[in-house]
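The structure displayed is predicted, hence computed values, not measured ones.
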Amino acid sequence: MSRLSARRTELDVAPESPSIQYRFSARELLLAVRPHQWIKNALVLLASIASGAILHPAGLVAAVIATVAFCAASAATYLMNDLADVDADKLHPTKQLRPIAAGTLSVADAQTTTVILGGLAFGLAAGLGAVFVAVLLGYLAMTTAYSKILKHIPFVDVVTVAAGFVLRVVAGGIAVSVGVSVWLLAAVAAAAMLISLGKRHAEVGRLGVDAGGHRAVLDWYIPVRTRTLMIATHAIAVAAVGIWFAISFALALAFAGTAIVALILERFRRLVLAGEVDDPVRVVSHDRPIAAASLVLGAGMLAGVLL
C-alpha cells in the first residue's frame with residue numbers, strides 16, 4: 001500500500017463524530033511542518049561552503065545556527081499557509097490529507113506552534129546580527145504575502161518562490177560575513193524557478209482539466225508554457241553557475257561543476273516531463289543520481305576551496 005493510500009485509509013476509519021475527543025498528536029504536528037522540505041534550507045550553507053568559512057569553528061557554528069533559524073521559520077510558514085488554505089485544501093485530492101485540513105491537527109495547536117517556531121527563529125537570528133534578522137523578517141513577510149496573495153498571480157508565484165531560495169543564500173552569506181556573487185544568486189533563482197515550474201507542470205498533469213477548479217492560477221500553467229519556461233530557466237541557471245564557477249574556482253573544477261549542475265537540472269526536467277514528479281523536494285532528495293551528483297558537487301566545491 002502506498003503512503004497516500006495508507007493515509008487515506010487512516011482518515012477514512014477515523015470517526016468524525018463530535019463526541020470523539022481530540023487528542024494532540026506529535027506525529028501529525030511533525031507532518032504539518034514538513035521536515036522533508038527543510039532540505040531547501042541547505043542553501044543557507046552554500047556561501048559558507050563556497051568560501052571555506054564552514055571549515056572554521058566560528059563559521060561552522062554560525063552557519064548551523066542560521067540554517068536552524070530558517071528551518072524554524074519555514075516550518076512556521078507551512079503552518080500559516082495550511083491555516084490560510086484549510087478550506088481549499090479539504091477539496092484537493094492530496095492536500096486534504098494534510099493534518100490541519102484532515103482535522104488530525106487542531107487549528108489552535110497549529111497557531112500555537114506557529115508562534116513558538118517564529119519565536120525560536122528570531123531568537124536564533126538575534127545572535128547573528130540585525131542584518132540577518134532583517135533578511136529573515138523579509139523572508140517571512142514575503143512567504144506570508146505569498147500565502148495570502150502572490151500565489152494566486154500567474155508567474156509571480158514562481159518568482160516569489162525563487163526569491164525565497166535567493167534569500168536563503170543571502171542570509172547564509174550574512175551569517176558568516178562573506179559576500180555572495182550576483183552570478184550565484186542568478187543561478188539559484190533560475191534553478192528554483194525551474195523546480196517551481198516543474199511542480200506546477202506536475203500538478204496540472206495530476207489534476208487534469210479540473211486543475212483550475214482547485215486553484216485558478218493553474219489554468220495559466222498549460223503544458224506547452226511550462227515546458228518552454230523550464231527550458232529557458234535551465235539554460236539561464238547553467239550559464240550563470242558556469243560564470244560563477246569560472247570566477248570562483250580553478251578552470252577544471254568550473255567545467256566539471258557546471259556539467260554536474262546541468263545534468264542535475266536536466267534529469268529533474270526529464271522526470272517532470274515523464275510524469276514522475278509529485279513533490280520536487282522528494283525527487284531532489286530521493287532520486288539517487290541527483291543525490292549522488294549533489295554530494296559530488298559539494299565535495300568538489302570544498303576541495304576547490306582547500307586547494
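Taking the side chain as every heavy atom from C-beta outward, Ile231 and Arg269 approach each other to under 4.5 Å. In this structure the side chain of Leu43 never reaches within 4.5 angstrom of the side chain of Phe70, judged on heavy atoms. A 4.5 Å side-chain heavy-atom check between Ser294 and Ile290 finds at least one atom pair inside the cut-off. Residues Met230 and Leu273 form a side-chain contact, since some pair of their non-hydrogen atoms from C-beta on lies under 4.5 Å apart. A 4.5 Å side-chain heavy-atom check between Val238 and His234 finds at least one atom pair inside the cut-off. Side-chain contact between Leu29 and Pro99: absent, with no pair of heavy atoms (C-beta onward) separated by less than 4.5 Å.
How far NZ of Lys90 is from CD1 of Ile100: 10.5 Å, rounded to the nearest 0.5 Å. Rounding to the nearest 0.5 Å gives a distance of 10.0 Å between OG of Ser25 and CG of Asp109. Here the straight-line distance linking atom CD1 of Ile243 with atom OG of Ser248 works out to 11.0 Å at 0.5 Å rounding. Interatomic distance, Ile236 CD1 to Met193 CE, rounded to the nearest 0.5 Å: 7.5 Å. Rounding to the nearest 0.5 Å places CG of Leu265 at 5.5 Å from CG of Leu194. The line from OG1 of Thr104 to CG of Leu97 is 9.5 Å long, rounded to the nearest 0.5 Å.
Nearest heavy atom pair, residue Ala171 against residue Val135, reads CB-CG1, 3.9 Å. When all heavy atoms are compared, the tightest approach of Ala191 to Ala237 is N-CB, 3.8 Å. Across all their heavy atoms, Ala32 and Leu79 have their closest contact at CB-CD2, 3.7 Å. Nearest heavy-atom pair, Ser147 versus Asn81, reported as atom, atom and distance to 0.1 Å: OG-OD1, 3.2 Å. Val180 and Gly173 make their closest contact through CG2-CA, 4.0 Å (heavy atoms, listed as atom of the first residue, atom of the second, distance). Of all heavy-atom pairs spanning Val166 and Ala189, the tightest one is CG2-CB, 3.7 Å.
For Ala293, the side-chain contact (heavy atoms from CB on, under 4.5 Å) criterion is met by Ile260, Ile264, not counting sequence neighbours. Annotation: side-chain contact (heavy atoms from CB on, under 4.5 Å) contacts of Ile149 (sequence neighbours excluded): Ile153. With sequence neighbours excluded, the residues forming a side-chain contact (heavy atoms from CB on, under 4.5 Å) with Ala73 are Ala121, Leu136, Tyr139, Leu140, listed by chain and number. For Arg168, there are no salt bridge (Lys or Arg N to Asp or Glu O under 4.0 Å) partners, not counting sequence neighbours. With sequence neighbours left out, the salt bridge (Lys or Arg N to Asp or Glu O under 4.0 Å) criterion links Arg227 to no other residue. Ala66 is linked by a side-chain contact (heavy atoms from CB on, under 4.5 Å) to Val44, Leu128, Phe132, Ala175, counting only residues two or more places apart in sequence or in another chain. In this structure, Arg225 has no salt bridge (Lys or Arg N to Asp or Glu O under 4.0 Å) partners at least two apart in sequence or on a different chain.
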Checklist entry - Could you walk me through whether Asp82 and Lys95 pass the side chain to side chain contact (heavy atoms under 4.5 Å, CB included) check? => result CA-CA 9 Å; Asp82 287 356; Lys95 292 180 181 180; over 6 Å; no
Checklist entry - Please walk me through it: do Leu271 and Arg267 pass side chain to side chain contact (heavy atoms under 4.5 Å, CB included)? => result CA-CA 6 Å; Leu271 289 173; Arg267 177 164 177 80; 4.1 Å; yes
Checklist entry - Could you go step by step and tell me if Lys40 and Ile195 meet the side chain to side chain contact (heavy atoms under 4.5 Å, CB included) rule? => result CA-CA 11 Å; Lys40 293 184 288 190; Ile195 292 172; over 6 Å; no
Checklist entry - Would Ile222 and Val204 satisfy side chain to side chain contact (heavy atoms under 4.5 Å, CB included), going step by step from the backbone distance to the final call? => result CA-CA 8 Å; Ile222 57 176; Val204 169; over 6 Å; no
Item to check | Candidate pair Glu266 and Arg270, rule salt bridge (Lys or Arg N to Asp or Glu O under 4.0 Å), full reasoning | outcome: CA-CA 6 Å; Glu266 178 61 16; Arg270 288 185 178 276; 2.8 Å; yes
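In the hydrophobic clustering of ILVMFWY residues, with side-chain heavy atoms under 4.5 Å counting as a link, Met142 and Met80 come out apart. Under a hydrophobic-cluster definition in which Ile, Leu, Val, Met, Phe, Trp and Tyr are linked whenever side-chain heavy atoms come within less than 4.5 Å, directly or via other members, Ile116 and Phe122 are assigned to different clusters. Under the 4.5 Å side-chain heavy-atom criterion for ILVMFWY residues, a single connected hydrophobic cluster contains both Leu253 and Met301. With hydrophobic clusters built from ILVMFWY side chains whose heavy atoms lie under 4.5 angstrom apart, Trp38 does not share a cluster with Leu295. Linking Ile, Leu, Val, Met, Phe, Trp and Tyr whenever their side-chain heavy atoms come within less than 4.5 Å leaves Val115 and Leu83 in two separate clusters.
Legend: side-chain hydrogen bond (donor to acceptor under 3.5 Å, both in side chains) pairs involving residues 153-165, not counting sequence neighbours, sorted by first then second residue: Asp157-Arg200, Asp157-Tyr221. Sorted by first and then second residue, the side-chain hydrogen bond (donor to acceptor under 3.5 Å, both in side chains) pairs involving residues 48-67 (not counting sequence neighbours) form an empty list. Pairs engaging residues 160-206 under the ring pair (Phe, Tyr, Trp, His ring centres under 6.0 Å) rule: none recorded [sequence neighbours left out]. Within the structure, every pair that satisfies the ring pair (Phe, Tyr, Trp, His ring centres under 6.0 Å) test and touches residues 243-269, not counting sequence neighbours, is listed here: Trp244-Phe249, Phe245-Phe249.
With hydrogens and angles ignored, the 3.5 Å screen pairs a side-chain donor or acceptor of Thr226 with a backbone N or O of Pro223. Of the possible donor and acceptor atoms, one in the side chain of Thr77 sits under 3.5 Å from a partner among the backbone N and O of Ser74.
Cluster note: Val178 groups with Val176 through ILVMFWY side-chain heavy atoms spaced under 4.5 Å, whether in direct contact or through intervening members.
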